[in-house]
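Accompanying notes for the structure given below.
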Amino acid sequence: QVQLVESGGGLVQAGGSLRLSCGASGSIFSINDMGWYRQVPGKQRGLVATITSGGITNYADSVKGRFTISRDNAKKTVYLQMNSLKPEDTAIYYCNADMWPKGGFRYTYWGQGTQVTVSS
């Protein structure tokens with residue numbers, strides 16, 4: 001039973017910071033790319049940041065210089081440090097990971113989502 005579990009969302013004032021965490025658990029053979037996406041009600045889910053197994057990162061233009069994605073392979077966890085938060089960052093944030101379960105095929109797993117609300 002492979003699963004991604006997120007934590008760290010909440011309510012913060014504009015200019016503040018939050019750190020999101022997402023850990024993988026279960027019978028996992030390996031993990032490739034990991035990432036964070038966000039979605040506002042009525043809108044498409046969009047990219048926030050991704051990180052490869054080798055540590056190469058990619059960011060949406062809207063978060064460059066403010067957000068940092070990182071991963072701890074030993075803990076099977078991906079993080080998103082969010083600084084200088086703006087009201088337009090308000091969304092449900094989802095982590096994802098391309099993983100190979102032991103004895104199975106590669107599959108893209110998604111977390112359940114965590115709400116981030118930035119007040120003005």
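Keep in mind that what you see is a predicted model, and the values were worked out from it rather than measured. Values reported hereafter were calculated over all heavy atoms of this structure, with side chains retained and with hydrogens, waters and symmetry mates removed.
Between Tyr59 and Thr68 the shortest heavy-atom distance is OH-CA, 3.4 Å. Contact detail for Pro101 and Val2: the closest heavy-atom pair is CB-CG2, 3.9 Å. Pairing each heavy atom of Ser53 with each of Asn73, the nearest pair is O-ND2, 3.9 Å. A pairwise comparison of heavy atoms in Arg71 and Asn32 identifies NH1-O, 2.9 Å as the closest pair. The heavy-atom pair separating Val40 from Ala91 by the smallest distance is CG2-CB, 4.0 Å.
Cluster annotation: Tyr79 and Leu85 are assigned to distinct hydrophobic clusters (Ile/Leu/Val/Met/Phe/Trp/Tyr, side-chain heavy-atom contacts under 4.5 Å, transitive). Connection of Met34 to Trp100 is not established within any shared hydrophobic cluster, with ILVMFWY side chains joined at heavy-atom distances below 4.5 Å, either directly or through further cluster members.
Shown here are the side-chain hydrogen bond (donor to acceptor under 3.5 Å, both in side chains) partners of Asp33, two or more places apart in sequence or in another chain: there are none.
Under the 4.5 Å side-chain criterion, counting only non-hydrogen atoms from C-beta, Ile51 is not in contact with Ile56. The shortest distance between side-chain heavy atoms of Val48 and Tyr93 falls below 4.5 Å. Two residues are said to be in side-chain contact when any heavy atoms from C-beta on lie closer than 4.5 Å; Asn58 and Leu47 meet this criterion. Contact of the Tyr37 side chain with the Gln44 side chain is not registered, since no non-hydrogen atoms from C-beta on lie closer than 4.5 Å.
In the hydrophobic clustering, where aliphatic and aromatic side chains (Ile, Leu, Val, Met, Phe, Trp, Tyr) are joined below 4.5 Å either directly or transitively, Val5 stands alone.
Contacts classified as salt bridge (charged side-chain N to carboxylate O under 4.0 Å, His left out) and involving residues 50-70 (residues at least two apart or in different chains) are given here: Asp61-Lys64, Arg66-Asp89. Within the structure, no pair that satisfies the disulfide (SG to SG under 2.5 Å) test touches residues 32-85, not counting sequence neighbours. Residue pairs meeting the side-chain hydrogen bond (donor to acceptor under 3.5 Å, both in side chains) criterion with at least one member in residues 105-116, sequence neighbours excluded, are Asp98-Thr108, Gln115-Thr117.
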Worksheet item: Passes side chain to side chain contact (heavy atoms under 4.5 Å, CB included), Lys86 versus Val118? Steps please.
Response: CA-CA 6 Å; Lys86 305 174 181 179; Val118 184; 5.5 Å; no

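In this structure, CG in Asn96 is found 9.5 Å from CD in Glu6, a value given to the nearest 0.5 Å. Taking CZ of Arg38 as the reference point, atom SG of Cys95 lies at 15.5 Å (rounded to 0.5 Å).
Although no hydrogens or angles enter the test, the distance criterion places a donor-acceptor pair under 3.5 Å between the side chain of Asp72 and the main chain of Lys75. Using a distance-only test at 3.5 Å, with no hydrogens or angles considered, no donor-acceptor pair links the side chain of Thr90 to the main chain of Glu88.
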List the atom pairs, with distances to 0.1 Å, where a side-chain N or O of residues 14-29 and a protein N or O form a donor-acceptor pair under 3.5 Å, not counting sequence neighbours.
from: Ser17; atom 1: OG; to: Asn83; atom 2: OD1; distance (Å): 2.9

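Cation-pi check for Arg45 over Tyr94 is met; the charged atom lies under 6.0 angstrom from the ring centroid and within 45 degrees of its normal.
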